[in-house]
Chemist: 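This is the structure, below, for whatever I ask next.
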Amino acid sequence: MSEEKKSLNFLEQIIEEDLANGMSKDDLRFRFPPEPNGYLHIGHTKAIGISFGLGQKYNAPVNLRFDDTNPAKEEQEYVDAIKKDVAWLGYQWENELYSSDYFQQLYDWAVLLIKDGKAYVDSQTSEEMRIQKGTPTEAGVSSPYRDRSVEENLDLFERMKAGEFDEGTHVLRAKIDMTSPNMLMRDPLMYRILKKSHHRTGNNWVIYPMYDWTHGESDYLEQISHSLCSLEFKPHRELYNWFRDHVYEYSKSEYPNPPKQREFSRLNLSYTIMSKRKLLKLVEEGVVNGWDDPRMPTISGLRRRGYTPASIRNFIETVGVSKRENIIDVALLEFKIREDLNKTANRVMAVLDPVKVVIDNYPEGQEEILIAENNPEDENAGSREVPFSREIYIEREDFREEANKKFFRLKLGKEVRLKNAYFITANSCEKDEHGNITVIHCTYDPLTKSGSGTPESQRKVKGTLHWVSAKHAVKAEVRAYDRLFLNEAPDGHKDKDFMEFINPNSLEKIEAFVEPSLQTAKIGDRFQFQRLGYFNVDDDATQENLVFNKTVGLRDSWAKKK
RNA sequence: UGGCCCAUGGUGUAAUUGGCAACACACCGGUUUUUGGUACCGACAUUCAAGGUUCGAGUCCUUGUGGGCCAACCA
C-alpha cells in the first residue's frame, strides 16, 4: 500500500522548515489561549483544531491557557464552559494555565524594562494619549512624561501597584517609537490601573497587564514554539517580537526558547455571525434562548442541536488553513453532520404533520408487531419492533387526491409501500368544511408484508412512506430550526446592521407523533426520522414530554424539483 | 497621504516548489434503492488584469486593480 501524499499547509511548512534548521522536535509546543469572556463558537474550533491538530501530528504538548488580563469582562462561568467545550470536541490539553498566574513575573520584567529605560509611567488622560498617537498616515508625538527619570518611573510604578492611584491616572508604557508606521509600536500601554476583583487573583492586583505585554510573555514562559493566532494580530507581531527579545535577554538561561507568532485567516460561516460581542447581543436581547440555543454557532449550541464532535472536527479538517479571507458555505457543515449521522444514527419513524389513514380491510381491533431494521448502514445496529394497526398517521404532504406521475407518493387509486409494513392503495378521503382532508381510506394487500419473502412483497412500487400507528403513537414536541439570518454575510454590510437580517421564523415548534420505541429515548440520543432528517433529544425533554431538535434535514432532491 | 497582508470554479483548500490545474462541498444530469436518504457514475476553471523572463508560468519579475487589517487604559 502506498501512502497517500498529503500536502502541508503553510503552518506545517513553517514548522518543517524550523525542524530542518535545527529546532528539536521535542521543543515543539502549542497553545490555545481563549479569553474567558464568552462562549466558544465554531470559529474558535478552527484555532483549536489547528493547534491541537499540530500537537497530534508532531506528538507535541498543547496548553489550554486562559488569557485573563481584564477582570472587567472575565468570569469563572466562561472558564468552565470553555473547558467543557474543548473537552467535548475531543481534545486533551497538556496543562490548564492562566495568564494571571504570570502577573508577578510580568511585573518583575516590567521593572527591569523601566530600569533599562525601555518603559515609563505616563500620567496623561487616555484622550491626550490618543491624540498624541497620531493616525496611520501621520506620525505621533512624544508624551511630556516620556523622559521621566528611571527613579521616578520606578517609584510611580510601585505606587501604582500599591493602589495609591485612581483608575485612569497613570499607565505604564513601553518606550519604542512614536513615529513608527505601525501604530502598535507608538509606545504601547503595558499596564493600566483597574480596581476590580479578578476571578482568580481577587484583589491582589490593582494594575493589570495589557494583551500585548501578556500574551507573548506567557508564550515564552510556557516555552511555546509556535504561537498561532488569527490574521488581525499580524500588526502585533512586531511588538510581540520587541517584548520577547527584551525579556529573552533577562531570562534566556532559564527560558532558552523564544516563541514565534504566525497568523492564519479566521473562519467565517455563511448565514451566521462569529463575533462574541454580537452573539452576546443575541443572547441579551432574547433573540435566542441563551448561548446554547440550537440556532447559535457556539459549540454549546451545536452540541445541543445534535452535532457530533467528530463531525465538527472533520469540518475543520476539510476547511483547511490559509491566509485568505473566506466565507465557508454552511452546507459543508451540514454535509459533515449528515455524513457522520448517516453511519451512526438509528432509523425511526415519526410523523410531523399527521393525517389519518384508515385501512378499511384490516380487521378492527387487530394489531401486529413488525420488525424494522435500525440502520441499513450498520449491520450491527440490529432491529426493533414497531406496532401496526388499522389506523395510522402519515405525513399530510404524502397524499394527494390527484397528482402527476412525478409524485411517487399516495394518491387515489395508487399503491405505495408502508415502510416495514404492507402495500396500501388509497380509495377515498373525507374532508372537513374547509376542504381539508381529515381521513384517507385505504385497503391493504395482506400478501405484501415486509420481509415475508412473498413475490407480492417484492413488487416494485415507486413510493415508500413512513407512518406511525395511531393507537400506539407517542406525542412529542419537535423543534425545527431555520438559519438565524436571512443574509449570507449578516455582518458584512457597512450600511446595514446585522440585526436587520434576523430571520423571524428561525424556530418552529411542532406537535408530532413518533413511534413508541422512542418513549425510552434519553437526552442527547440521536436518530434519523426516516425521510425527514436527523433529530436528537433536547435537554428540555422529560419522561412525560419528549422534545426533539431537528439537527439537519436529509438531502431532499424532491423539494428542489418542486 | 503611511505600513502590513491577501487574490486559483458558486464555496473552501491543493498543485511534488517552474512541468498535464487536483480534492471536497454546492449546483445540474443519470444508475441503484423497502428512506425522493445512502452508494455509484457524469457534467462543471484557459488560476484578478496587462506586460516581462523562460522550451515551458497558478507558481518568478514589473505595473496596475480589487479586498482585508492597523489610530480601545479590549483580547
Side-chain angles (χ1 to χ4, degrees), chain A residues 5-9 13 33-35 37 67-70 72-74 99 122 125-126 129-131 133-140 167-173 180-186 189-194 207-208 210-212 214-215 229 231-238 263 265 267 270 276-277 315 318-336 338-339 342-343 347 349 372-373 376-377 406-409 417-421 423 450-451 457-458 460-466 528-533 553-561:
Chain A
K5 194 170 189 177
K6 260 204 97 189
S7 55
L8 302 176
N9 67 45
Q13 285 179 22
E35 181 189 15
N37 68 340
D67 231 334
D68 54 348
T69 59
N70 186 356
K73 289 185 174 179
E74 296 150 8
S99 294
D122 199 334
T125 64
S126 61
M129 285 187 277
R130 188 183 63 76
I131 292 163
K133 206 160 193 179
T135 70
T137 55
E138 292 167 276
E167 286 188 17
T169 54
H170 304 278
V171 294
L172 186 73
R173 290 230 255 174
S180 170
N182 183 350
M183 298 289 292
L184 286 154
M185 299 299 278
R186 324 242 261 228
L189 265 59
M190 293 174 68
Y191 280 91
R192 76 286 213 190
I193 298 168
L194 246 30
I207 56 171
Y208 289 91
M210 302 289 289
Y211 165 83
D212 287 294
T214 308
H215 194 93
C229 60
L231 234 35
E232 66 267 28
F233 290 98
K234 179 67 211 285
H236 293 250
R237 188 150 116 195
E238 192 179 0
E263 310 82 12
S265 61
L267 172 80
S270 61
K276 271 192 211 170
R277 203 192 84 241
F315 169 70
T318 302
V319 153
V321 187
S322 75
K323 297 167 82 164
R324 282 173 70 178
E325 299 289 329
N326 58 74
I327 301 180
I328 314 273
D329 192 338
V330 70
L332 180 62
L333 217 211
E334 294 173 346
F335 167 79
K336 287 296 176 182
R338 285 194 197 102
E339 180 185 47
N342 176 49
K343 298 218 170 56
R347 273 60 171 170
M349 293 195 283
E373 186 181 22
E377 302 289 319
K406 289 282 214 177
F407 186 76
F408 300 158
R409 307 174 182 190
R417 183 195 298 273
L418 292 175
K419 179 85 182 171
N420 301 127
F423 287 24
S450 285
S457 72
Q458 283 158 31
K460 298 287 176 198
V461 282
K462 201 65 176 155
T464 300
L465 306 187
H466 62 277
Q528 184 195 93
F529 290 0
Q530 283 177 116
R531 302 211 301 135
L532 296 176
L554 259 24
R555 267 187 68 213
D556 190 351
S557 50
W558 168 243
K560 281 169 190 160
K561 274 183 193 152

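In the text below, chain A, chain B and the rest are named by the order of the sequence lines, each starting its count at 1. Quick note: numbers below take in every heavy atom, side chains included, and nothing from hydrogens, waters or symmetry partners.
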Chemist: Separation of A:Ile327 atom CD1 from B:rA7 atom P, in whole Å?
Modeler: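 Atom CD1 in A:Ile327 sits about 17 Å away from atom P in B:rA7.
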Chemist: Can a donor-acceptor pair be found between the side chains of A:Asp67 and A:Thr214 at a distance below 3.5 Å?
Modeler: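 No, A:Thr214 and A:Asp67 have no side-chain donor paired with an acceptor closer than 3.5 Å.
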Chemist: Any heavy-atom pair between the side chains of A:Glu339 and A:Lys336 that's under 4.5 Å?
Modeler: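 Yes, their side chains come closer than 4.5 Å.
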Chemist: Rounded off to whole Å, could you give me the NZ-to-C1' distance for the A:Lys323 and B:rC4 pair?
Modeler: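 So the two atoms are 10 Å apart, to the nearest Å.
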Chemist: Has the side chain of A:Gln528 got a donor or acceptor that lies under 3.5 Å from a partner of the other kind on the base of B:rU35?
Modeler: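 Yes.
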Chemist: Pick the nucleotide of RNA chain B nearest each of A:Asn9 and A:Phe529; which residue has the one closer to the 5' end?
Modeler: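 Nearest nucleotide further toward 5': that of A:Asn9.
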Chemist: Is the base of B:rU17 syn or anti, where syn means the angle lies within 90° of 0?
Modeler: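 Syn conformation for B:rU17.
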Chemist: Can you find a side chain N or O atom of A:Ser457 that sits less than 4.0 Å from OP1 or OP2 on B:rU34?
Modeler: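 Result: no.
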Chemist: For A:Arg531 and B:rU38, what is the distance between atoms CZ and C1' respectively, to the nearest whole Å?
Modeler: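 One finds 15 Å between C1' of B:rU38 and CZ of A:Arg531, rounded.
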Chemist: Taking protein heavy atoms under 4.0 Å as touching, what does nucleotides 17-26 of chain B look like 5' to 3' if B marks base contact, S marks sugar-phosphate-only contact and - marks none?
Modeler: B-------SS
Chemist: How close or far is atom C1' of B:rG12 from atom CD of A:Glu334, stated in whole angstroms?
Modeler: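 Nearest whole value for this atom pair: 15 Å.
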Chemist: If you check the A:Leu554 side chain, which of B:rU1, B:rG12, B:rU35 turns out closest?
Modeler: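 Per side-chain heavy atoms of A:Leu554, the pick is B:rU35.
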Chemist: Establish, with yes or no, whether the OP1 or OP2 oxygen of B:rU34 is under 4.0 angstrom from a side-chain nitrogen or oxygen of A:Ser450.
Modeler: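 No.
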Chemist: With rounding to whole Å, what would you report as the distance between B:rA50 and B:rU16 at their C1' atoms?
Modeler: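 Per the computed distance, 31 Å lies between those C1' atoms.
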Chemist: Rounding to a whole Å, what distance do you find between A:Phe408:CZ and B:rU34:C1'?
Modeler: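 Going from A:Phe408 (CZ) to B:rU34 (C1'), I get 15 Å.
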Chemist: Is A:Glu35 paired with A:Lys73 through a side-chain N to carboxylate O contact shorter than 4.0 Å?
Modeler: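 A salt bridge is absent here (no side-chain N lies under 4.0 Å from a carboxylate O).
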Chemist: Please give, in whole Å, the distance from B:rG37 C1' to A:Glu339 CD?
Modeler: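 For the pair A:Glu339 CD and B:rG37 C1', the rounded distance is 14 Å.
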Chemist: Dot-bracket for RNA chain B, please. Rules: Watson-Crick or G-U, both distances under 3.5 Å, ( ) within the strand, [ ] when a pair crosses earlier ones, | for another strand, . otherwise.
Modeler: .((((((..((((.....[..))))..((((.......)))).....(((((..]....))))))))))).....
Chemist: I'd like the P distance from B:rG37 over to B:rC27, given in whole Å.
Modeler: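 B:rC27 and B:rG37 have their P atoms separated by 12 Å.
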Chemist: Within the structure shown, what part of the strands sits under 4.0 Å from A:Leu465 by heavy-atom distance: base, sugar-phosphate, or nothing?
Modeler: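 Here A:Leu465 touches no strand at all.
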Chemist: For nucleotides 65-75 of chain B, read 5' to 3', which letter fits each nucleotide if B means a protein heavy atom sits under 4.0 Å from the base, S means only the sugar-phosphate is that close, and - means neither?
Modeler: ---SSSBSBSB
